[in-house]
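Scroll down for the structure; my scribbles are underneath it.
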Amino acid sequence: MNLTSEEKEMLSGKQGKAVKKSMEILVALGEIYGAKRMVEAKSVQIAGVSYHNLGDAGLEFLEEMGQDGKVKVLTTLNPAGMDLEEWQKLGIDSGFAEKQMKVIDAFSRMGVTITCTCTPYLIGNLPRFGEHIAWSESSAVCFANSVIGAITNREGGPSSIASALTGKTPEYGMHLEKNRQAQVRVLVKAKIDSVPKFGAMGRVIGEKIGNKIPLIEGIQSASLEELKSLSAAIATYGGTAMFHMKGITPAKTAVPKKSISIGEKDIAEALGKFDCAEEIDFVGIGCPHASINEMQKIAELLKGKKVKKEVWVCTARQTKQLADKMGYSKAIEDAGAKIACDTCMAVAPIKGRFKGMITDSAKACYYAAGHNGIKTRIRTVEECVEEAMK
Ligand code: F3S
């Protein structure tokens, strides 16, 4: 790779051990993937924050990097394994909480902004169209590339930390315009008009074309919440880092020759595949983390009512603070539901606690089944709230 004198200096160790190690990681990645140079990463999102996923080896790596490493660009964090302030209310044990706080302390020492959300674009880490960034969190990566038009590979935890400490990322993959073109045209001939249906469409497309970039046609309108759900589902079930949607997303693409169609039957089948829970004892909303719009809607649905099941509404702490001011948090909590900040139903250590989860999120279904052995049912948020009161 052609490195600038500044990058060579980082690699030599003159800027400290953490920067040296970071540059080694980035150069190794660049050489594996044929990058010719580094580009400036304007912001970073780090995934791999839950102690549940990191373990002691991950914590050790972070503590080592935190000894002399300081972030050079705006850097935010994915959800942790617990609500950092009210972990007891979610039934987290104190041993886990202690380790999780050590992880957070290590990130704090590096100067990372302790956001703990998978929707950084809703709370201040909002890149511009065409800006190079280094994000790790598949749903946020897909949202950033597709809906915002920023440019990022699907980074891993260590490579995103390396970018944070150097402000650089190797120029390969999604950073090159030729790799951002649609590869398959997807003609949607079904009515896609709810968050679960956008998630189901993401699953169908992901399962049909894998990690190829689709040009989705036939969608008349899509809300922010529907697009974040689609980004999460399509990345989870297929592995793509980007989609184009005719008339909705901002990047230009040539129309690919290869095309497939998706009809009502495909969507119904996908919705059916999520539905395997006979008994529901957990309601999980907010995957990806709920927007303020969703908080308002949930508050309206719950106002003056009482839930009979464990209900988690997962959101960013900053969104909750706004919801507090608007009275939404009070309506939700007075009904007996819990607002889970900083974490989510996939990264919190909840294995064995619940049998069946109802959710409006296709991605949450994937992780509930895979990580936590919980059976699932997918419904609209209105239906989830109704189920919570049974
Ligand atoms: Fe976010 Fe957790 Fe879903 S990290 S995308 S709420 S699985």
Side-chain angles (χ1 to χ4, degrees), residues 1-15 18-48 65 69-76 78 110 112 120-121 125-183 210-215 231 235 239-244 249-254 256:
M1 283 182 80
N2 295 319
L3 298 182
T4 62
S5 50
E6 184 203 15
E7 290 156 3
K8 283 183 190 151
E9 190 187 277
M10 290 184 192
L11 196 56
S12 75
K14 277 194 189 137
Q15 293 193 21
V19 169
K20 180 178 179 356
K21 186 157 202 162
S22 298
M23 203 34 103
E24 284 168 356
I25 292 171
L26 298 177
V27 169
L29 266 177
E31 282 176 352
I32 289 167
Y33 291 106
K36 293 201 171 67
R37 58 175 190 161
M38 299 285 172
V39 288
E40 280 186 27
K42 297 288 184 187
S43 84
V44 172
Q45 165 78 1
I46 300 174
M65 298 301 265
K70 282 273 174 257
V71 301
K72 288 195 163 66
V73 292
L74 172 65
T75 302
T76 47
N78 229 33
M110 290 183 226
V112 174
Y121 46 86
N125 188 353
L126 178 62
R128 283 187 298 114
F129 181 90
E131 209 162 60
H132 292 272
I133 57 177
W135 283 18
S136 57
E137 157 49 38
S138 63
S139 70
V141 163
C142 196
F143 189 95
N145 278 319
S146 315
V147 182
I148 302 170
I151 301 171
T152 179
N153 282 320
R154 270 174 73 139
E155 299 294 344
S159 67
S160 59
I161 293 168
S163 287
L165 300 183
T166 58
K168 307 280 177 173
T169 188
E171 190 185 39
Y172 69 91
M174 298 304 290
H175 291 283
L176 300 169
E177 184 52 40
K178 66 177 168 63
N179 297 328
R180 301 176 64 79
Q181 293 290 305
Q183 294 158 291
N211 64 3
K212 293 200 168 53
I213 300 177
L215 167 60
S231 299
T240 190
M242 183 176 187
F243 62 86
H244 297 271
T249 55
K252 288 202 169 61
T253 181

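Note that the structure is predicted; figures quoted are calculated from it, not measured. In this chain, numbering begins with 1 at the start of the sequence shown.
Using a 4.5 Å heavy-atom cutoff, the side chains of Val44 and Leu74 are not in contact. Using a 4.5 Å cut-off on side-chain heavy atoms (C-beta onward), Leu29 and Tyr172 make contact.
Distance NE2/His132 to CE/Met174: 11.5 Å, rounded to 0.5 Å. For the atom pair CE (Met242) and OG1 (Thr249), the distance works out to 7.0 Å, reported to the nearest 0.5 Å. Atom NZ of Lys168 sits about 10.5 Å away from atom CG of Leu26, to the nearest 0.5 Å. Here OG1 of Thr75 is found 9.5 Å from CD of Gln45. Values are rounded to the nearest 0.5 Å. Atom OG of Ser160 sits about 9.5 Å away from atom CG of Leu165, to the nearest 0.5 Å. How far CD of Gln181 is from OG1 of Thr253: 4.0 Å, rounded to the nearest 0.5 Å.
For NZ of Lys72, the number of neighbouring non-hydrogen atoms (other residues, nucleotides, ligands) closer than 6.0 Å is greater than 12.
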For this session: Any chance you could lay out the side-chain contact (heavy atoms from CB on, under 4.5 Å) test for Thr4 and Arg37, step after step, and finish with the verdict?
Result: CA-CA 9 Å; Thr4 62; Arg37 58 175 190 161; over 6 Å; no
Problem set entry | Candidate pair Met110 and Ile161, rule side-chain contact (heavy atoms from CB on, under 4.5 Å), full reasoning | CA-CA 10 Å; Met110 290 183 226; Ile161 293 168; 4.2 Å; yes
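Between the side chains of Thr76 and Trp135, no donor-acceptor pair is found at a separation under 3.5 Å. With hydrogens and angles left out, the side-chain atoms of Glu137 and Ser139 include a donor and acceptor closer than 3.5 Å.
With hydrogens and angles disregarded, no donor-acceptor distance shorter than 3.5 Å links the side chain of Ser146 to the backbone of Phe143. No donor-acceptor distance shorter than 3.5 angstrom exists from the side chain of Asn78 to the backbone of Ser136, with no hydrogens or angles considered.
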